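In this chain, numbering begins with 1 at the start of the sequence shown. Fair warning: this is a prediction, and the values are worked out from it, not measured in the lab.
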Amino acid sequence: MALPKIVALDLDGTVWHPDMYILWGGGAPFEVVGDGTRSLKDSRGQDVELLGIAGNIIYEVKHDPKWTVQDTKLVWVSTCDEPRWADECLRKFNATPEGQSEPRVPLKQLADDEHIYGAASKQTHFKRVQSKFGVPFEQMIFYDNQMNNIHAVSRLGVHCVYCPDGLTKSIWKKGLQEFAKKNST
């Protein structure tokens, strides 16, 4: 099965919930709950939770030989309203292999690049990713919970996957199957 050379993930609403702007009045600092693989609490006590199996998927992309043999890059692409808060969450949330509690690796350590800033369009993020890695847009896959981002980025040729409930196992697999089918012809 053909795999993408770049896996790009939105953060708010795709990797975690709620969006950072919803935490205004609270926010940083964030406290790790348990082992950090499921949730954090903001300064007001509001939960920030990883969605679906986001942590397991992120771990897989950076450790499973089917991904590492082709040196797939993992990048964060987010127009998050609070980039410093997102950075702290990336440092405090941990990823693990699916079905295991160890080893735990902070999400921040697993990304090859990050684009967490306001932009008129996520196309800006992807043009910078392409410039840095030299990977054609057609060899990228992008997961996001906002349809406007899906439409904008797909115009570049990136295979985009709408995930309204976050990065779930079924959405992850469906996206990869669609990518493989599109790239097998």
Side-chain angles (χ1 to χ4, degrees), residues 1-17 35-38 49-78 86-87 89-116 122-123 125-146 149-150 153-185:
M1 175 167 81
L3 293 172
K5 302 284 186 197
I6 291 183
V7 173
L9 302 175
D10 173 52
L11 296 174
D12 289 350
T14 301
V15 172
W16 59 57
H17 175 80
D35 62 7
T37 60
R38 295 300 322 150
E49 298 189 354
L50 282 181
L51 293 170
I53 61 166
N56 304 135
I57 290 166
I58 292 162
Y59 187 92
E60 175 189 323
V61 170
K62 296 313 297 177
H63 290 91
D64 188 307
K66 75 180 178 192
W67 294 97
T68 59
V69 71
Q70 68 171 27
D71 193 29
T72 295
K73 304 297 183 196
L74 175 70
V75 297
W76 313 126
V77 287
S78 176
D87 183 71
C89 290
L90 289 169
R91 286 185 282 112
K92 291 186 173 179
F93 270 125
N94 290 309
T96 60
E98 188 173 1
Q100 299 178 34
S101 60
E102 296 287 339
R104 291 189 301 267
V105 182
L107 298 184
K108 178 90 172 171
Q109 291 180 17
L110 296 172
D112 296 290
D113 199 13
E114 54 185 61
H115 296 269
I116 306 171
K122 282 208 180 167
Q123 285 188 359
H125 296 74
F126 279 87
K127 288 175 182 176
R128 290 180 180 170
V129 169
Q130 184 189 47
S131 176
K132 179 173 182 171
F133 294 110
V135 173
F137 291 126
E138 295 76 17
Q139 290 300 310
M140 299 180 191
I141 193 167
F142 172 50
Y143 291 82
D144 197 310
N145 69 312
Q146 294 183 348
N149 293 329
I150 296 294
V153 175
S154 67
R155 286 195 289 276
L156 295 173
V158 175
H159 182 75
C160 297
V161 184
Y162 179 57
C163 49
D165 299 316
L167 195 53
T168 64
K169 189 174 196 171
S170 62
I171 290 288
W172 171 247
K173 286 183 174 186
K174 179 181 177 216
L176 293 178
Q177 289 166 349
E178 291 169 350
F179 178 89
K181 184 176 180 182
K182 184 173 159 184
N183 285 281
S184 68
T185 56

- How about Gln70 and Leu3: do any of their side-chain heavy atoms sit closer than 4.5 Å? yes

- Query: Okay, side chain of Thr14, backbone of Leu11: is any donor-acceptor separation there less than 3.5 Å?
  - Reply: no

- Task: Determine whether Val105 and Ile58 make a side-chain contact, defined as any pair of heavy atoms from C-beta on separated by less than 4.5 Å.
- Result: no

- Has the side chain of Arg38 got a donor or acceptor atom that lies under 3.5 Å from a matching backbone atom of Glu49? no

- Message: Taking the ring centre of each residue, are Phe126 and Phe142 less than 6.0 Å apart?
- Response: yes

- Do NZ/NE/NH1/NH2 and the carboxylate oxygens of Asp112 and Lys62 come within less than 4.0 Å? yes

- Message: Checking the side chain of Asn94 only, and the main-chain atoms of Asp35 only, is there a donor and an acceptor separated by less than 3.5 Å?
- Response: yes

- Item | His17 side chain vs Gly13 backbone, donor-acceptor pair below 3.5 Å | no

- Item | Check: Leu74 and Leu9 side chains under 4.5 Å, non-hydrogen atoms | yes

- Message: Under a 4.0 Å threshold between the charged nitrogen and the carboxylate oxygen, would Lys132 count as salt-bridged to Asp113?
- Response: yes

- Item | Donor-acceptor pair between Asn183 and Gln139 side chains, under 3.5 angstrom | yes

- Query: salt bridge (charged side-chain N to carboxylate O under 4.0 Å, His left out) with Lys169: which residues, sequence neighbours excluded?
  - Reply: Glu98

- Query: Is there side-chain contact between Thr72 and Lys5, with heavy atoms separated by less than 4.5 Å?
  - Reply: no

- Query: If you measure from the Lys or Arg side-chain nitrogens to the Asp or Glu carboxylate oxygens, is any gap between Glu138 and Lys182 under 4.0 Å?
  - Reply: no

- Message: Can you tell me how the ring of Phe93 sits relative to the ring of Trp16, calling it parallel under 30°, perpendicular over 60° and tilted otherwise?
- Response: parallel

- Item | Side-chain heavy atoms of Met1 within contact of Leu176, under 4.5 Å | yes

- Message: Any carboxylate oxygen within less than 4.0 angstrom of a Lys/Arg side-chain nitrogen, looking at Glu102 and Arg104?
- Response: yes

- Task: Step by step, work out the side-chain contact (heavy atoms from CB on, under 4.5 Å) result for Ile53 and Thr168.
- Result: CA-CA 6 Å; Ile53 61 166; Thr168 64; over 6 Å; no

- Item | All side-chain hydrogen bond (donor to acceptor under 3.5 Å, both in side chains) counterparts of Arg155, not counting sequence neighbours | none

- Message: Does any part of the side chain of Leu110, heavy atoms only, come nearer than 4.5 Å to the side chain of Lys108, both counted from C-beta?
- Response: no

- Any side-chain heavy atom of Asp165 within less than 4.5 Å of one from Leu51? no

- Counting N and O atoms only, with roles assigned by atom type, does the side chain of Thr68 sit under 3.5 Å from a partner on the main chain of Asp71, one being a donor and the other an acceptor? no

- In sequence, state the C-alpha distance, the side-chain angles, and the governing distance for Leu156 and Met140, and then conclude on side-chain contact (heavy atoms from CB on, under 4.5 Å). CA-CA 10 Å; Leu156 295 173; Met140 299 180 191; over 6 Å; no

- Query: Hey, does Lys127 have a side-chain heavy atom less than 4.5 Å from the side chain of Phe137?
  - Reply: yes

- Item | Shortest non-hydrogen separation from Gly175 to Tyr143 and the atoms involved | CA-OH, 3.6 Å

